A.B. asks: 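Structure provided below as structure tokens; questions to follow.
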Amino acid sequence: MTDQPATPTADTAPQLNALTRERLGRQLRALYEPVIDEALDPRLAELLQQLDNDRRGDPAV
């Protein structure tokens with residue numbers, strides 16, 4: 001039998017203080033900012049459009 005830690009619940013899950021959350025947010029924005037400005041691959045854009053159409057029940061374009 002192995003000793004596995006229990007799955008954390010909302011009461012026992014680690015908490016981040018406001019300063020840590022703000023710092024983490026700034027770092028993530030700085031990391032992903034260049035990616036946001038990149039052009040989306042046309043094939044991926046087409047697949048995303050098809051997914052949106054499927055979710056709405058629109059016929060294929």
Side-chain angles (χ1 to χ4, degrees):
M1 182 172 185
T2 60
D3 291 336
Q4 295 181 356
T7 303
T9 65
D11 295 334
T12 62
Q15 300 292 314
L16 300 176
N17 64 33
L19 181 60
T20 301
R21 287 191 310 269
E22 289 174 19
R23 187 178 69 226
L24 181 58
R26 282 192 306 271
Q27 290 173 343
L28 287 171
R29 281 190 293 276
L31 178 67
Y32 286 106
E33 187 175 26
V35 175
I36 291 172
D37 296 333
E38 289 182 11
L40 188 60
D41 180 89
R43 179 67 180 138
L44 180 57
E46 180 183 336
L47 291 171
L48 289 172
Q49 184 63 48
Q50 289 175 4
L51 179 62
D52 284 343
N53 292 342
D54 289 348
R55 286 184 177 173
R56 288 190 304 241
D58 291 349
V61 178

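If you read the sequence from its start, that first residue is 1, and numbering goes on from there. No experiment lies behind these values; they were computed from the predicted model shown.
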A.B. asks: Just to verify, what does Asn17 make a side-chain contact (heavy atoms from CB on, under 4.5 Å) with, not counting sequence neighbours?
C.D. replies: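 side-chain contact (heavy atoms from CB on, under 4.5 Å) check on Asn17 returns Leu19, Thr20.
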A.B. asks: Who pairs with Glu46 by side-chain hydrogen bond (donor to acceptor under 3.5 Å, both in side chains), at least two apart in sequence or on another chain?
C.D. replies: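 Testing Glu46 for side-chain hydrogen bond (donor to acceptor under 3.5 Å, both in side chains), a comparison that skips the adjacent residues, returns Arg43, Gln50.
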A.B. asks: Using 0.5 Å steps for rounding, measure from the CG atom of Leu47 to the CG atom of Asp52.
C.D. replies: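 Rounded to the nearest 0.5 Å, the CG-CG separation comes out at 11.5 Å.
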A.B. asks: Going by side-chain heavy atoms closer than 4.5 Å, which hydrophobic residues are tied to Leu51, directly or by a chain of links?
C.D. replies: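 Its cluster partners, ordered by chain and number, are none at all.
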A.B. asks: Could I get the full list of salt bridge (Lys or Arg N to Asp or Glu O under 4.0 Å) partners for Arg55, not counting sequence neighbours?
C.D. replies: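 For Arg55 there are no salt bridge (Lys or Arg N to Asp or Glu O under 4.0 Å) partners, ignoring immediate neighbours.
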A.B. asks: Which residues pass the side-chain contact (heavy atoms from CB on, under 4.5 Å) test with Arg26, not counting sequence neighbours?
C.D. replies: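 Here the qualifying residues are Glu22, Arg23, Arg29.
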A.B. asks: Which Ile, Leu, Val, Met, Phe, Trp or Tyr residues join Leu40 in one cluster when any pair of side-chain heavy atoms under 4.5 Å counts as a link?
C.D. replies: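 Noted: Leu40 shares its cluster with Leu44, Leu48.
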